[in-house]
Structure formats: C-alpha cells, structure tokens
Amino acid sequence: MWTVLRKELTELLRDRRTLIFMLLMPALVMPLLIGGFALLANYKAEQEAKRVLRYAVFGSEQAPELLRRIEATPRLERVGLGSPDEIRQAIKDERISFALVVPAGFEQQLQQGRAMALELHYNNAVSVDTVAQRMRTLSTQYGEDLRQRFMSGQGLGEETRRFLAQPVRLEVRSTANERERIGELVGAFLPYLLLMIGLSASMAAAIDMGAGEKERGTLESLLLLPLPRSHLVLAKFLAIALVGIVAAGVAVTSMGIWGMSLLKGNAAAGAALSQVIGGIGWREFALVALLILPANAIIAALLLTISLYARSYKEAGSYGSQLMILLIMPILLALLPNMRLDSGWAWVPITNIALAVKEIVKGTLQWSDMAIVLGSTGAVAGLLLTACTYFCRREEVLFRA
C-alpha cells in the first residue's frame, strides 16, 4: 500500500496541473483575486462618496433655509428644470441624480409645529444608495434643528426637550468581546475558503488517479498487483486527502500574510483583526487542522468514487463540478443567522465543520460539540471510503461500457 501511495504522490508532484491547483492557486491566484476585489470595492466606495450629485428643486421659495443648507453641502450641484414633469426623464437621461419637490407653505407650517413631507425623486435601483444617504443626513439634521428651535420657543426646559426628543434610551452593554464579534464574520468565511480550496485541488488529483489511469491504460496494471483492493483504494484516498490538506494550509497561510499586509494601511481594521488572530493560539490552530482532516476525508472519498466510476476524464470532471455545487450548500448554511452547533447541527456533515471552525475562531467552542462533530464526520468519511472500496471490487463498475 505504501508503495502505491508513494507512486501516486510522485506522479502528483510531477504533474504541473496538480501543482498549480495545490500550490500556485492557493498561494497567489486566490489571494490576488480576493485582495484585488477588496481594493476595487474600496476604491469604488471612495469614488462614489466623492461623486458630485446634480439635482433640481421645485418650490424652493417655500423653504429658503433648507435651500441654503443644500447649497452649502459639498458635492451637490443644482441644475434647472422647466417643470416637475421633466423629473423622471431627466433622471433617466442622467442629467440629474435627484429632484426635490417642496410643498406649498412648507417652512411656514413647520414653524407652527406641523409636520411636513418633502418629495425626493431618484432612482434607488442601485447597490450603494448615495442619494438617500446624503439627503437623509441633511434632512435629519435640518429637522433636529427645527425641533430644538420650536421647543425652545415654547419655553420648554432642557430636560423636557430631551424627554420629547427621546423619552426612552436603550444603553447597550454587550456581553460579547471583540474576538467573538469579529470572529463571527471571519469564522464564517474561513471554512468556505478552506473546503473549497481543498476541494479544487483534490478534484484535479482524484480525477487523474481514477479516470485518468483508465484512459492511460495503467489502472489494469495496478489491479493485477498482489494487493487487496482495500489497500489500493486507501493509498489513492490518502494521496487525494493529502493534496486537499496541503492546498488548504497553503491558502490559509497565504491569505493571512496578504491580509495583514493589506490591513497595515487601515489601523482600525488591522487592530480588530490582530486582536482576533492574537487570541488564537496553537491549540486553536490544531483544532482547526483536526476538523479539516475528516472534512477532506469526505471530499477525497467522494471524488475517488466518482473518478473510479467515470468512463473518462471528461465525465469525471463533469461529476466533480456537480459535486462542488452540492458541497457549497452545506457550507453556506453556516452563514445563516443564529446557526449554532448546539442546536442539532453538530450532526450534519460539512455544515458542522463550518460551524465548528467559526466557534473556534470566536473562542466559544464546547468540547462536547467538538466530539460530536469529529465522531459524526469521521463516521461519514468511513462509510464513504467503504463504499468506494466496494465499487473498486466490482469490475463492471470500474470498466463499465
């Protein structure tokens, strides 16, 4: 068995495609893609914040104070329109970003203590609602100043005004520390990265060990060796699992290095992430590695079964792509709100791994849940490996027409 394992690993290290998926993609390509996307998103957000918004106002004579505030607001440029009927077309043609329609007697009614409404016309089918953000800030401040002036005019004291503005205040005292708060976000992303990178690398290796050997005609030679089929399957299985574990480890290391380099320019984000990473010791890293082992075992067993069943390399690749889609769903379940290991999810394969990694990063993992996750995931991996061995013993499966 060890001879076959050594042979498989030697062939993998000689295969340029496997090395790309196992080392180059996790170490360089994925961090560059994720980091590049983050930088581009940050650049677009800054660009959107600096964008000059052109606007039109109808009924401005009804709200001179409001108009002065708008004109004093930076990155706003007034444009003249003939009538309110032109608003929709002007926004569609991008001649203006928004328009305000002020009702008759607007400020006069406000001064008498009557609430009024402004009409804001704009296209809100956008991912970043800059118009609403800026105008909401402006109108809120304007309304707060009006309210304070009105209450002062009524002879109300400071305490009474504070009561009318907000009778009940809710002072939050969170029981979660910074590591738990940041870990909830970081920990939800980490399992997806680990398992998907491992799956991609393992798939390239698994397809070559089964369907690839069928096409090259070398699988028959292996089957003629004086070696039990279970040992042959186990050797290939260990090689595939090792590829996934190495790829996941390289990805995490590379993302950590790249992430800390990018966060040096952002002191607040860097300090928060450093606090989370600083709270993770060798024991936590060991637990994450321990959890990745049964997860990669499940993936390796499934991929090897597919590869041995497929007639050709192309067919195995098609099956592997479908498997990737199916495995994404259990991982994404861990991103849903209020998903916890202690609510029965510790028994669900793959999902329990993702939830357990998140709990480790947050520092809230219970040992009883850890035992359930390892036991259930290990059992599933064992059953899948047994099924793979069963398939390998049947000639009509290995060499089906």
Side-chain angles (χ1 to χ4, degrees), residues 36-156 158 160-170 172 185 265-266 268-269 337:
F37 176 80
L39 290 175
L40 180 60
N42 184 60
Y43 168 75
K44 293 296 290 183
E46 292 179 353
Q47 192 179 47
E48 183 66 19
K50 296 176 181 177
R51 183 165 65 96
V52 176
L53 302 179
R54 295 186 297 274
Y55 68 96
V57 180
F58 295 94
S60 56
E61 68 280 359
Q62 304 295 329
E65 181 182 349
L66 176 62
L67 184 61
R68 286 195 300 270
R69 287 174 178 261
I70 295 175
E71 291 176 345
T73 303
R75 299 185 299 278
L76 292 180
E77 179 184 333
R78 187 173 179 179
V79 176
L81 288 181
S83 70
D85 296 334
E86 300 179 25
I87 292 177
R88 179 179 291 274
Q89 190 61 42
I91 293 175
K92 184 177 181 181
D93 297 339
E94 297 185 354
R95 286 183 286 147
I96 60 173
S97 299
F98 68 93
L100 280 175
V101 178
V102 184
F106 179 74
E107 288 194 355
Q108 182 181 1
Q109 296 293 325
L110 288 173
Q111 292 170 2
Q112 296 176 5
R114 298 176 182 175
M116 298 294 291
L118 285 169
E119 290 184 15
L120 175 63
H121 298 255
Y122 76 107
N123 181 3
N124 67 348
V126 290
S127 56
V128 180
D129 202 342
T130 306
V131 172
Q133 290 174 358
R134 296 194 196 177
M135 297 310 298
R136 190 177 293 114
T137 301
L138 189 148
S139 63
T140 300
Q141 185 60 51
Y142 174 59
E144 179 63 24
D145 291 345
L146 287 174
R147 181 170 56 192
Q148 292 297 331
R149 289 205 302 266
F150 178 80
M151 288 191 293
S152 296
Q154 300 299 315
L156 301 177
E158 181 66 27
T160 305
R161 282 185 284 168
R162 188 180 296 116
F163 173 80
L164 292 175
Q166 190 176 8
V168 178
R169 290 182 300 168
L170 184 64
V172 178
L185 302 176
N266 190 332

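What you see below is based on every heavy atom in this structure, not just the backbone, and it leaves out hydrogens, waters and symmetry mates.
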Please report the interatomic distance [atom1]([X]) to [atom2]([Y]), rounded to the nearest 0.5 Å.
X: His121; Y: Ile87; atom1: NE2; atom2: CD1; result: 4.5 Å
X: Ile96; Y: Ile91; atom1: CD1; atom2: CD1; result: 4.5 Å
X: Gln111; Y: Phe106; atom1: CD; atom2: CZ; result: 10.5 Å
X: Arg134; Y: Tyr55; atom1: CZ; atom2: OH; result: 12.0 Å
X: Phe98; Y: Asn124; atom1: CZ; atom2: CG; result: 14.5 Å
X: Leu138; Y: Gln133; atom1: CG; atom2: CD; result: 13.5 Å

Heavy atoms of other groups near [X] [atom1], more than 12 under 6.0 Å:
X: Arg136; atom1: CZ; result: no
X: Arg88; atom1: CZ; result: no
X: Glu94; atom1: CD; result: no

Testing the basics here: between [X] and [Y], what is the closest heavy-atom pair and its distance to 0.1 Å?
X: Tyr122; Y: Ser97; answer: CB-O, 3.5 Å
X: Val102; Y: Ala63; answer: CG1-CB, 3.9 Å
X: Pro64; Y: Glu61; answer: CD-O, 3.8 Å

Can you check side chain to side chain donor-acceptor pair (under 3.5 Å) on Lys92 and Gln89, steps first, answer last? CA-CA 5 Å; Lys92 184 177 181 181; Gln89 190 61 42; 5.1 Å; no

Give me the one residue out of Arg78, Glu107, Gln62 that meets side chain to side chain contact (heavy atoms under 4.5 Å, CB included) with Leu67.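 When side chain to side chain contact (heavy atoms under 4.5 Å, CB included) is applied between Leu67 and each of Arg78, Glu107, Gln62, only Arg78 qualifies.
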
I want to check something: taking the side chain as every heavy atom from C-beta on, are Leu66 and Val57 in contact at a cut-off of under 4.5 Å?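 No, side chains not in contact.
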
Can you confirm whether Leu76 sits close enough to Val52 that some side-chain heavy atom of one is under 4.5 Å from a side-chain heavy atom of the other?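 No; the side chains remain at least 4.5 Å from each other.
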
For Met135 and Leu100: C-alpha separation, side-chain torsions, deciding distance, then whether side-chain contact (heavy atoms from CB on, under 4.5 Å) applies. CA-CA 10 Å; Met135 297 310 298; Leu100 280 175; 3.7 Å; yes

SB check Glu48 Arg51 (cutoff 4.0 Å):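 Yes, this pair counts.
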
Salt-bridge criterion met for Arg69 and Asp145 (N-O under 4.0 Å): yes

Start with the C-alpha distance between Ser83 and Glu86, add both sets of side-chain angles, then the distance that settles side-chain contact (heavy atoms from CB on, under 4.5 Å), and finish with yes or no. CA-CA 6 Å; Ser83 70; Glu86 300 179 25; 4.0 Å; yes

Is there a donor-acceptor pair under 3.5 Å between the side chain of Arg75 and the backbone N or O of Ala49? yes

Start with the C-alpha gap between Tyr142 and Glu65, add the side-chain angles, then the distance that decides, and say whether side-chain contact (heavy atoms from CB on, under 4.5 Å) holds. CA-CA 9 Å; Tyr142 174 59; Glu65 181 182 349; 3.9 Å; yes

